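A short write-up of the structure that comes next.
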Amino acid sequence: LAFVRAPSADTGGGAAAAQPAGHGTPVTDLRGPTTPAAGGTVRPYTVSARTATVALTSGREVDAWTYDGRLPGPPLTAVQGDLVEVTLRNEDIDDGVTIHWHGYDVPCGEDGAPGTTQDVVARGAEFGYRFRADQAGTFWYHTHQVSHVGVRRGLYGTLVVTPRDAEPADVDLVLPVHTYGGVLAIGDDDGVLAEEAAPGSSVRLRLLNTDSEPHRFGLAGTAFRLVAVDGRDVHEPGEVSERALRLPAGGRYDLAFTMPDGPAALTVDGEVRLRLGGGDDDPATGEWPELDPLHYGAPAEVPFTLDTRYDRHFTMVLDRGVAMVDGRPAFAQTVNGRGHPSIPEQVVAEGDLVRFTVVNRSLETHPWHLHGHGVLVLARDGRSATGSPLWVDTFDVRPGEVWDVAFEAGNPGVWMNHCHNLPHAEKGMMLQLRYDGVAGLAGGHGHGSH
Ligand SMILES: [Cu+2]
């Protein structure tokens, strides 16, 4: 295996890079602005990464890696146009830590990919992130260093950016789902959350999946609209009821509804985890059909379709097999038969229209995640999306499926492009997308940067 050399770059049918890897603008120069947008304010946060024993609401103790000693980390909020400034300090995480802004299209130097966009923040060190909160919606942040361990143990938190001019919902709940040693929790609550909501009040539920496997949600007792996917608004979301929602690893769904006269209950993987307005029944949501976001909401103008002429078209075949991973043969999670860091980097030029075709030839679901860009879903299994334009940062490619997505290369950098089932990424399913003329960190094949 060691003798099979991969080509170093995949141009996706476009021009070869004018500058070889490692040449051009250093990614560390691609930093966020230093001022908010007009009318915005500065949101300074200091976050300390440290080990801690944290009790969930049941009293169960978690031997955790934390931001600020809590599970999840501190909820970060901003209003659209604000400047978010986060100083990350590593108190005692021996493996090192970063913050990656999942789904937030920050300048590349703020992306938190150790070995690629910054050096890992070692014990005792610190790093300052700054970016403008241009995207309103539900996002999250997490470490990208040995993330298959660090995120699982608790190095994650929520980032919610609200539009400057919008009325907030009467009840607005941020609900990050995470599994600690087999125990599912929303926030730090491993029981059943209870919230008040008066009949007639407006409710927004922000569902976040911070695990590596999908979760299935059901909302009983009320009709609802799926108003945002991955922090991007759905166009004309229709009201539905008794539909299950399968949320990919890393993904977010925002649900909105008017509180009915009776109680409502949210199930996660079939169990009630949140009660609104009381109630004690145990709704059976397991048989509900899944809402398919590709065929939900109303169409609107999109910048590209399956018929667009793309400057680059990359095909990624996801599979399982023996391949080199980090220099050793392994039973790997592979992309085009190879494992990280032997997968050729993808090269694009700024302004390119880029299409990905992602083929899952394995028996497991792969939640695909490109850093730094939302992607527009064009089609699944060759069938075009017919609903609202569906912009996502993480999409579940289930066994046997083929997804086509596209984006404009408008955020220069060297970006991780990987499976967000983090153990899969660690077993090789990760590569880089490099803009011609941008240099990642020296020697930066992103070792350990997952
Ligand atoms: Cu995967």
Side-chain angles (χ1 to χ4, degrees), residues 6 10 100 102-103 113 116 140 142-153 155-156 177-179 208-216 229-230 246-252 269 290 293 314-326 328-346 356-375 377 380-381 392-405 415-433 445-450:
D10 180 353
H100 166 61
H102 186 109
T116 299
W140 65 300
H142 61 80
T143 188
H144 222 274
Q145 172 73 1
V146 291
S147 59
H148 63 296
V149 178
V151 178
R152 178 169 52 77
R153 294 188 70 165
L155 285 170
Y156 72 96
V177 171
H178 196 80
T179 303
L208 301 95
N209 183 354
T210 68
D211 279 329
S212 278
E213 303 283 346
H215 286 295
R216 191 175 195 273
V229 174
D230 286 2
R246 185 177 130 136
L247 185 57
R252 288 86 61 213
D269 304 333
E290 262 175 40
F314 298 99
T315 298
M316 289 174 271
V317 177
L318 312 182
D319 207 346
R320 198 84 215 262
V322 176
M324 300 297 283
V325 176
D326 290 326
R328 281 185 231 108
F331 188 49
Q333 300 282 356
T334 58
V335 179
N336 300 334
R338 297 178 187 278
H340 173 84
S342 304
I343 304 167
E345 64 175 4
Q346 297 166 331
F356 284 170
T357 299
V358 187
V359 181
N360 186 351
R361 214 160 61 182
S362 79
L363 300 173
E364 297 167 284
T365 292
H366 298 297
W368 201 259
H369 175 56
L370 170 66
H371 287 205
H373 307 72
V375 300
V377 177
R380 183 182 55 221
D381 297 337
V392 298
D393 48 64
T394 317
F395 53 98
D396 257 354
V397 187
R398 302 191 208 186
E401 286 184 345
V402 179
W403 284 62
D404 281 284
V405 305
W415 299 100
M416 305 311 294
N417 189 17
H418 66 96
C419 181
H420 215 278
N421 179 311
L422 299 174
H424 291 183
E426 198 268 336
K427 292 195 189 79
M429 198 169 267
M430 175 170 56
L431 64 152
Q432 292 186 342
L433 179 135
H445 240 309
H447 274 280
S449 62
H450 42 72

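Computed from a prediction, not measured in an experiment: that's the story for all the values here. For ligands, and for the atoms within them, numbers begin at 1 and follow the listed sequence. Throughout, residue positions are numbered sequentially from 1 according to the sequence presented.
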Trp403 (side chain) donor-acceptor with Val377 (main chain) under 3.5 angstrom: no

Under 3.5 Å donor-acceptor, Asp381 side chain and Val402 backbone: yes

Centroid-centroid under 6.0 Å between His142 and His178 rings: no

Atom pair NE2 (His371) and NE2 (His102), whose distance is rounded to the nearest 0.5 Å: 7.5 Å

The single option from His373, Glu345, Gln346 passing side chain to side chain donor-acceptor pair (under 3.5 Å) against Asn417: Gln346

Parallel, tilted or perpendicular, as decided by the 30° and 60° cut-offs, for the rings of His144 and His418: perpendicular

Heteroatoms of the protein, restricted to N/O/S, which lie under 2.8 Å from the Cu ion (ligand 1): His366 ND1, Cys419 SG, His424 ND1

